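Read the structure below first, then the notes.
All figures in this text were calculated on a predicted structure; none of them were measured in a lab.
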Amino acid sequence: MDTRKILVWFRNDLRLHDNEMLVEAIAKSDSILPVYIFDPEFSGIEVSDGNNAGPFRQRFLLESVQALRESFQHFAGDLLIVSGKPEICIPELVEQYDIAEVYHHREVSNKETTDSSLVEDHLWKLKINLRHFIGHTLYNKEDLPFPIKDIPDVFSQFKKKTERDAMVKDCLAVPEKISFVEVENWGEMPVIPACPEGLLHGGEAAGIKQLEEMLRADSPVHAKINRSQAGKSDFSTHLSPYLATGCLSPRKVYWAIKDTLQGKAASPVLNAILQGLLLRDFFRFMLKKHGVNFYTEKLEHLQSESDPQVYVQLLENWKNGNTGHEIVDGFMQNLNKSGQISNAGRILVATYLVHVLKISWIEGVLYFEQKLLDYSPASNWGNWANIASGAVEPKTKSLYDLDKQLKMLNLEAQV
């Protein structure tokens, strides 16, 4: 008897909880084939001189994929690991395992949307449907009070109308049972480098633990939240790498905070986290609406004003944390050795690069893309564009004043 098999293509959605794509695939099939494809050029298996993931994000990604694999193994299944181009691998798997349909999450970056289009074109030739899901945002696009093309280009306007007229859906539960396609060889994971002491481990369970620790009333992390003021310290929840890889659902973070508050007013830091989740949505929707040209065209006038003879050295000093500005250098050195930098630090080092050194903000975009543990294309471009020229939230000129930034961040400038 024929059975219906669905291939579930995982990318930046490395979790079982609140995963509509997975839940739907299980409901609509007799068995599923979960797949993760390592593309050597873009997925961190090799590091080139270009803008690929650095070693911290490579390691975190590998740990997260391995954790997802182990989660499926608890259901007496596995995650199929393959290496190659998705548009080649997926059609081959469809034919090999007699797949009826392919499910995946829609992305917004150029590389990933191109991958999806190529896969869809190849599957069309096989008369196989590629079904798209949206699982990276707090609000699904169909829940917004406006179509994508009419979303305000200013964050405060988007925030006001969305919070007033849209609802955050409940999280979907982890499936209770999963049936898997029979596979003889599930593939080998690349070697996972050892995690240096003090750095975050990847994976869904690690992300949930970090979230729970943040909200547990007797935890040091929770105590630090209560002592902190939003945006005025170097405090970080360390949730963003898990959100970037999809180890944590933004809705899970949202509802965990709401459940902890139980109707009480949120602290400044918790409010900042909730706003940060909404800002992630906004940046993704802007990239979906306009593409990266939204930022580059608006800010094309903000190129380097530095003398070409010293430009390269100034940029290298900034990258290496060797500018002579103690606080800026401290943030950059920590980024280089850990892949992490707080929101306060991002604002400060970006302000210094663009408005003190007068170096093109695009240089910062590309360097952060290589270094950030929590790299997300939409947020990276959006945040840098906003610091460069208030592209998504027009502000006063104090945004560009380093000394005022230091005072706002409760830090002392030492040059």
Side-chain angles (χ1 to χ4, degrees), residues 11-13 42 50-51 104-121 130 132-166 240 243-244 246 250 275-304 343 346-347 350-351 353-355 359-370 372 374-395 399-400:
R11 295 196 285 180
N12 301 316
D13 42 17
F42 291 95
N51 302 308
H104 88 317
H105 276 115
R106 192 185 295 276
E107 284 287 356
V108 293
S109 73
N110 290 342
K111 170 63 175 64
E112 288 162 321
T113 53
T114 298
D115 281 349
S116 294
S117 296
L118 291 172
V119 169
E120 194 162 27
D121 290 344
L130 176 64
H132 306 272
F133 290 84
I134 299 175
H136 301 300
T137 50
L138 195 58
Y139 294 92
N140 288 353
K141 67 174 183 178
E142 61 268 20
D143 300 325
L144 294 175
F146 24 56
I148 295 289
K149 65 181 181 65
D150 294 331
I151 290 179
D153 290 343
V154 175
F155 174 65
S156 57
Q157 297 172 9
F158 168 81
K159 177 178 184 291
K160 181 178 180 180
K161 190 165 180 61
T162 299
E163 289 183 334
R164 185 187 67 195
D165 297 336
S240 54
L243 289 165
Q275 175 161 304
L277 293 174
L278 189 58
L279 187 60
R280 288 181 73 255
D281 278 20
F282 177 76
F283 286 144
R284 288 187 69 89
F285 292 136
M286 285 295 99
L287 207 57
K288 176 67 175 174
K289 177 181 176 181
H290 298 286
V292 75
N293 291 340
F294 173 61
Y295 302 120
T296 55
E297 289 175 359
K298 289 179 69 171
L299 301 179
E300 59 186 2
H301 63 288
L302 282 171
Q303 300 303 314
S304 170
N343 187 59
R346 292 173 206 225
I347 293 171
T351 301
L353 181 75
V354 177
H355 301 293
I359 289 176
S360 170
W361 65 287
I362 302 295
E363 300 283 8
V365 169
L366 299 179
Y367 192 67
F368 270 28
E369 180 176 349
Q370 188 178 29
L372 285 178
D374 64 355
Y375 174 69
S376 172
S379 294
N380 191 43
W381 280 91
N383 279 316
W384 271 98
N386 203 34
I387 293 297
S389 191
V392 297
E393 190 64 28
K395 295 183 177 73
L399 176 69
Y400 317 134

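Here F283 and W381 keep their ring centres 6.0 angstrom or further from each other.
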Task: Audit row: E369, N380, side-chain hydrogen bond (donor to acceptor under 3.5 Å, both in side chains) steps and yes/no - done: CA-CA 7 Å; E369 180 176 349; N380 191 43; 5.2 Å; no

Open item on the list: Please evaluate residues T137 and L277 with respect to the criterion side chain to side chain contact (heavy atoms under 4.5 Å, CB included), reporting the C-alpha separation (whole Å), side-chain torsions for both, the decisive distance (0.1 Å), and the verdict.
Closed with: CA-CA 8 Å; T137 50; L277 293 174; over 6 Å; no

- [ ] Could you give me the CA-CA distance, side-chain angles and deciding distance for I362 and W384, then say whether side chain to side chain contact (heavy atoms under 4.5 Å, CB included) is met?
- [x] CA-CA 8 Å; I362 302 295; W384 271 98; over 6 Å; no

TODO: Show the numbers, then the answer: is there a side-chain hydrogen bond (donor to acceptor under 3.5 Å, both in side chains) between S116 and R11?
DONE: CA-CA 11 Å; S116 294; R11 295 196 285 180; 3.0 Å; yes

TODO: Quick one: do F155 and N386 satisfy side chain to side chain contact (heavy atoms under 4.5 Å, CB included)? Show the steps, please.
DONE: CA-CA 10 Å; F155 174 65; N386 203 34; over 6 Å; no

Task: Pair D374-R346, salt bridge (Lys or Arg N to Asp or Glu O under 4.0 Å): steps then yes or no - done: CA-CA 12 Å; D374 64 355; R346 292 173 206 225; 2.7 Å; yes

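From E163, atom CD reaches atom OH of Y139 across 5.5 Å, with rounding to the nearest 0.5 Å. Note that CG of L279 and CE of M286 are 11.0 Å apart. Values are rounded to the nearest 0.5 Å. For the atom pair CD (E120) and NE2 (H104), the distance works out to 7.5 Å, reported to the nearest 0.5 Å. Interatomic distance, N12 CG to S376 OG, rounded to the nearest 0.5 Å: 8.0 Å.
Looking only at atom types and distance, the side chain of E112 has a donor-acceptor partner in the side chain of S109 under 3.5 Å away.
In this structure, F146 and T162 approach most closely via the heavy-atom pair CZ-OG1, 3.6 Å. Counting all heavy atoms, side chain and backbone alike, L138 lies closest to D281 at N-OD1, 2.8 Å. Between K141 and F285, the shortest heavy-atom distance links the atoms CB-CE2, 4.2 Å. Taking every heavy atom of both residues into account, F282 and P152 meet most closely at CE1-O, 3.3 Å. When all heavy atoms of H355 and I387 are compared, the pair lying nearest together is NE2-O, 2.9 Å. Nearest approach of Y375 to A244, heavy atoms of both residues: O-CB, 3.7 Å.
Classified by interplanar angle (parallel below 30°, tilted 30° to 60°, perpendicular above 60°), the ring pair H136/H105 is tilted.
Applying side-chain hydrogen bond (donor to acceptor under 3.5 Å, both in side chains) to K111 and the options T114, T113, D115 leaves one that passes, D115.
Taking the charged nitrogens against the carboxylate oxygens, K289 and D153 do have a contact shorter than 4.0 Å, which makes a salt bridge.
At distances below 3.5 Å, at least one donor-acceptor pair connects side-chain atoms of N383 with backbone N or O atoms of S379.
Within the 4.5 Å cutoff, side-chain heavy atoms of I151 are placed close to those of F158.
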